[in-house]
Each structure stands twice: as C-alpha cells, then as structure tokens.
Amino acid sequence: MQSELSVIVLAAGKGTRMKSQLPKVLQPLAGRPLLAHSLASVAALKPSKTVVVVGHGVEQVTKALAGSTVTFALQSPQNGTGHAAAVGLAPITDDGITLLVTGDTPLIRSETLAALVALVNERTFALLTCNMKDATGYGRIVRNAAGDVLKIVEHKDALAANDATTLAVNEINSGIMAAPTAWLRGALAQLTPHNAQGELYLTDVIAMASVDGLTVATAQPANESEIAGVNDKAQLAALEREVQRGEAEKLLQSGVTLADPARIDVRGTLICGIDVFIDVGCVFSGVVTLCDNVSIGPNCVLKDATIGHNTTVHAMSHLEGCTVGEGALIGPFARLRLGAQLGDEVHIGNFVEVKNSTLARGAKANHLAYLGDATVGERVNYGAGSITANYDGANKHRTVIEDDVHVGSNCVLIAPVTIGTGGTVGGGSTITKDAPAGALSVARGKQVSIPNWKRPAKKTS
Ligand code: UD1
Ligand code: MG
C-alpha cells in the first residue's frame, strides 16, 4: 500500500508506576528522554506527520521537544491508550496509514517499524508482537485454532477474570501497530471502557478488526528489548544496562580496551581513536572524543571534551566543556571546567581546577590550585595553593601569565594582572599590580623573628 504515513506517539500517560515528578516519557535512558529514543526511530521512516499525544506534564514534555517538527495533541483527561490514539488521530487525514507507537518503548528500531508498516493495506491491520520469557504486565495475543489473531487481553483483565489460559500465553502486544487510517478512526470511535482499568483500550481495536474481517498480520522484532515497555524504575534500570552493554560492545568491536564492559556508561556520543584504554566506572556524556592512545583512569566523568593523542587522564577526574592537547597528564582528582583549553604536554595534577583558561604547551599546575579566566604561556610552572582571584564580586577579570613564568606556592594573583615573560612570583605573594618580565616579584609581609620568645604560661590558681 503506497500511501502517506502518519505516526502517533502515545506519551500522555502519567507513568504512575515510576513514582516520580518527571513524566514517564521524559525519564532518561542513556542520557536522553525515553521519548527522544522512540522519536528518533520514527523520524527515520520520514512520515508526513508525527503527532505526539501529550497530557500528563504537558509543559515539561513540550519543552523537552521544543524545536522538533512534531505536532502535539493534548489528551485531557488521560482516559487510556484508545482515547489517546483517537486524540492523536484528529489532526491526521483519512487517506494513508497510521503507525501507533508507545512513548515508553525506547529501543524500537526503525527497521522493525518499517517492516510493520509494509504489512498494511486496506484490508490488513499490522501488529507487532513478541514471545516474551516473562509476559507479566503485557497484553496477551489471543489466537484461534487456525492461528488468526482474535483479540488482545490485558494482563489485569486476565487476572480479574481468573483466566489462566490467557495468562499462560507468552505472545504479547508490543503496543506498536499500524492500520489504514480511515478504518482506525471508525474503530476508535466505538471503544468502550468496560475493563479492569475503566479506560478506553487501544488494544480493543484488534477484536474489531477481526470482526470486521480485516486480516491481523503480525510481525516480531529482531530482539525482545526492542519492545520492552518501561513502566517502572526497575524496567528503566534493566533497559539502561541493556543499552550500556550495547555501547560497550560497539566500543570493544572498534578496538577500544575496556577494563570491564559492565562498568562504563555512555550517555551521548563517544568517539575513540586506536588503542584507547578506559578503566572502570567512567561516565561519558555529550560528545567526547578520545584520540589515539588516550588512557582514562577509573571513575572519571567526561562531558563534551576532546582529548588529544597520548594523553593520560588519571583516576577521579572531572572534565566538562574542555579540550586537552597531546601527551598531557591530567589528574588524579583534576577538574577541567567549561572553556579550559589545554595545549600539548600540559600537566594538571590533583585538586587543580581550570575554568575558561588557555594553557600553552608544557604548562604545569600540579597541586591544589585554581586557574580561572587565565591565559597561561608555555612552560609556566604554577605552584601549589595558588589561585587567580578573577571575580571582584560583580565582574570577571583576566590573568595573563606569560611564557616561562614560575608562580610559587600559595600566591593570589588579583586580576586583571599580567606576569611578564620569565618572571618569578615568590611563594605567598598577593600580586595586585603587573609583574615585569624577568623579575622576582614578592608581595608578602616581611618575616620578623623575636629572639628568646617566652610563650604565655598557664595561670595557676
Ligand atoms: C500497553 C498495552 C499493552 C501492551 C503494553 C506494551 C493498552 C491498553 N495496553 O500497556 O497491551 O502490552 O502497552 O508496552 O494499550 N498513554 C497515553 N494516554 C493514556 C494512557 C497511556 O498517552 O491515557 C500512553 C503512555 O504515556 C504510554 C503508552 O500510552 O507511553 C502506554 O501506556 P501504559 O500505561 O504504559 O500501558 P501499559 O500498561 O504498558
Ligand atoms: Mg507501558
């Protein structure tokens, strides 16, 4: 049936079983809302219209999808999946096919959806089913002796009716189906809420199709997780592991060494060169690029970061919105914040924080320091406990530390200030004025020693 494809994504439900303020379809899976996953698969089919049925948490859901090309349809109150489908159908015209996708089946692949849609014609309804090891909670597919689909019975209704035969069926309804639009509209108009949940069930249209003499064709996904519905935090966690196993597998296939494929989390895009090593417990989000021979120590968190060839990031480092050059050493316990741009062979040691600063080749800040809004030259050595005082309470100011400067320990560089090329700042200095190139600048109280000093003695009463 060569005709227009429209898609309805059901996303209005509260997701009561999540026990959360966040609407179910916005619960994050691998760093993106559940709904974003299904919408990405749907978009690959290039439908002429995609309607997202929203209701519970409508403001949050529409905000999360701001900028996308979908049409929203408001379902209020949320009176079941059948009601939601009817609401979603309102802005869709009668010619063509409508594909219905639930917003809580994030791992559905576009190939599976395309195969399902291809089954539909004027007299054929297509339903995606799956034989589940554990069918608990899902609607069961009831077939006659000839194998034709007769109806779907919801788990709760089978329980309420004490229907052991239906409960024993392990072929389940994925919630994903496709139908000729005109027929679907008529069927949805006839739904009634005579069931355990007092709602309009989308699943009841299957029985109508069979009564109307439509063929109910079924297709199955390549694997079970594609149609796994996420209704509670346990299912969400199980699916997260599934996604992460897939991410780890892809990394291993591409030659990345993972200390343990079960202990890595990719919540965005991780691009790796050759001979990259990633230790346990690392979390990657946004877009992270690790060039050849990069080594990431245990428990590092990287977001939107690019790490150059042969650089090592030691344990417990937190890097966000930064670039690091080649052959650099970062951490352990380093923090690189937004706008940290580190050149080749830069060393950043433990408890050093760098924000919105450029460090040129070979600059080192090895212990307990802060560089904010600073321009740091080549080979600069920045001592332990030193900080740039970049904020006057209202505005940020820059510190310029030129090539080959040595800043001693525990210095405060009060910005705006420049330390000239080759200058040395004595430990414990508070620098408020520009320090000339090549000079030793010291700005601290002079040491006084009082000989034979008697400490006060305790009073005896
Ligand atoms: C549904 C199916 C069940 C199937 C399962 C697959 C029905 C009656 N049951 O059950 O046969 O095995 O999915 O995962 O269809 N929604 C709305 N408006 C509403 C109610 C729900 O938009 O009024 C949306 C939800 O946001 C969700 C989807 O529809 O994305 C499915 O709803 P949910 O409550 O999760 O249905 P299940 O009980 O999982
Ligand atoms: Mg569900």
Side-chain angles (χ1 to χ4, degrees), residues 7-18 20 22-27 29 33-39 42 51-58 60-61 64 72-90 100-108 127-132 134-142 149 151-160 166-167 169-177 187-188 191-207 218 220-221 224-236 239:
V7 181
I8 301 175
V9 182
L10 306 183
K14 181 161 189 258
T16 314
R17 289 163 277 181
M18 282 290 171
S20 168
L22 192 66
K24 173 164 77 173
V25 292
L26 294 187
Q27 298 284 334
L29 177 73
L34 287 177
L35 188 54
H37 291 265
S38 3
L39 282 176
V42 162
V51 181
V52 178
V53 181
V54 288
H56 181 78
V58 53
Q60 283 165 283
V61 178
F72 293 104
L74 180 65
Q75 186 201 13
S76 178
Q78 290 88 48
N79 202 12
T81 50
H83 178 227
V87 168
L89 210 51
L100 288 144
V101 179
T102 42
D104 65 346
T105 45
L107 299 192
I108 187 67
L127 180 64
L128 189 68
T129 73
C130 185
N131 293 309
M132 296 288 243
D134 178 8
T136 310
Y138 290 99
R140 306 302 208 284
I141 309 296
V142 177
V149 175
K151 60 179 176 176
I152 295 175
V153 177
E154 285 305 298
H155 184 92
K156 277 188 186 157
D157 293 288
L159 273 183
T166 300
L167 286 170
V169 172
N170 70 351
E171 187 185 8
I172 62 97
N173 167 33
S174 66
I176 297 170
M177 51 193 83
L188 290 172
L191 292 176
T192 53
H194 302 307
N195 52 55
Q197 303 183 81
E199 292 180 346
L200 299 178
Y201 284 177
L202 171 58
T203 44
D204 286 349
V205 301
I206 311 299
T218 56
Q220 298 230 331
E224 200 179 293
S225 62
E226 273 192 69
I227 53 98
V230 185
N231 297 307
D232 58 31
K233 293 287 170 68
Q235 287 170 327
L236 184 62
L239 228 54

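Ligands are counted one by one from 1 in listed order, and the atoms in each one are counted from 1 as well.
- Taking all heavy atoms of Gln197, Glu199, Arg140, Gln75 into account, the minimum distance to atom 18 (N) of ligand 1 is reached by Gln75.
- Residue, atom and distance of the protein heavy atom nearest to atom 11 (O) of ligand 1 are Glu154 OE2, 2.6 Å.
- Residue contact check for ligand 1: Thr203 places a non-hydrogen atom closer than 4.0 Å to it.
- Atoms of ligand 1 found under 4.0 Å from any heavy atom of Tyr201, numbered from 1 in the order shown, are 8 (C).
- Judged by distance alone, with hydrogens and angles left aside, the side-chain atoms of Gln27 form a donor-acceptor pair with the main-chain N or O of Leu22 at under 3.5 Å.
- Of all protein N/O/S atoms, those under 2.8 Å from the Mg ion (ligand 2) are Asp104 OD2, Asn231 OD1, and waters are not counted.
- Under a 4.0 Å criterion applied to the non-hydrogen atoms of Tyr138, ligand 1 contributes the atoms 6 (C), 12 (O), 14 (O).
- Here is the list of ligand 1 atoms found below 4.0 Å of a heavy atom in Ser174: 6 (C), 14 (O).
- Every N/O-N/O distance between Gly175 and ligand 1 stays at or above 3.5 Å.
- In this structure, atom 6 (C) of ligand 1 has a protein heavy-atom contact shorter than 4.0 Å.
- Taking all heavy atoms of Lys14, Arg17, His155 into account, the minimum distance to atom 37 (P) of ligand 1 is reached by Arg17.
- Contact atoms of ligand 1 toward Gly80: 18 (N), 19 (C), 20 (C), 23 (O) (distance under 4.0 Å to a heavy atom of the residue).
- Only the side chain of Lys24 comes within contact range of ligand 1, with a heavy atom under 4.0 Å; no backbone atom does.
- Among Val52, Leu34, Thr81, the residue whose heavy atom lies closest to atom 21 (C) of ligand 1 is Thr81.
- Protein heavy atom closest to atom 16 (N) of ligand 1, with residue, atom name and distance, is Gly13 N, 3.6 Å.
- Looking at every heavy atom in both residues, Arg140 comes nearest to Thr136 through NH2-N, 4.3 Å.
- A 4.5 Å side-chain heavy-atom check between Leu127 and Met177 finds at least one atom pair inside the cut-off.
- Of the options Thr102, Val54, Leu10, the smallest heavy-atom separation from atom 30 (O) of ligand 1 is shown by Leu10.
- For Lys233, the NZ atom is densely surrounded, since the number of other residues' heavy atoms within 6.0 Å is greater than 12.
- Nearest approach of Asn231 to Arg17, heavy atoms of both residues: O-CB, 3.1 Å.
- At a heavy-atom distance under 4.0 Å, no atom of His56 approaches ligand 1.
- Near Gly139, meaning under 4.0 Å from any of its heavy atoms, are these atoms of ligand 1: 3 (C), 4 (C), 11 (O), 12 (O).
- Counting only heavy atoms, the protein never gets under 4.0 Å from atom 13 (O) of ligand 1.
- Contacts between Asn79 and ligand 1, counted as non-hydrogen atom pairs separated by less than 4.0 Å, involve the backbone only.
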Practice problem: Please report the C-alpha distance between Asp134 and Met132 in whole Å, then the side-chain angles of each, then the deciding distance to 0.1 Å, and finally whether the side-chain contact (heavy atoms from CB on, under 4.5 Å) criterion is met. | Solution: CA-CA 5 Å; Asp134 178 8; Met132 296 288 243; 5.8 Å; no
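- Distances below 4.0 Å separate heavy atoms of Ala84 from the following atoms of ligand 1: 17 (C), 18 (N), 22 (O).
- Contacts with ligand 1 closer than 4.0 Å are made by backbone heavy atoms (N, CA, C, O) of Ala11 only, the side chain lying farther away.
- You'll find the side chain of Thr16 stays beyond 4.5 Å of the side chain of Lys24, heavy atoms only.
- Geometrically, ligand 1 and Gly137 share no nitrogen or oxygen pair separated by less than 3.5 Å.
- Listed by chain and residue number, nothing satisfies the salt bridge (charged side-chain N to carboxylate O under 4.0 Å, His left out) test with Glu154 (two or more places apart in sequence, or in another chain).
- Between Ile8 and Ala85 the shortest heavy-atom distance is CD1-O, 3.7 Å.
- Interface of Asn231 with ligand 1, defined as ligand atoms under 4.0 Å from a residue heavy atom, comprises 35 (O), 39 (O).
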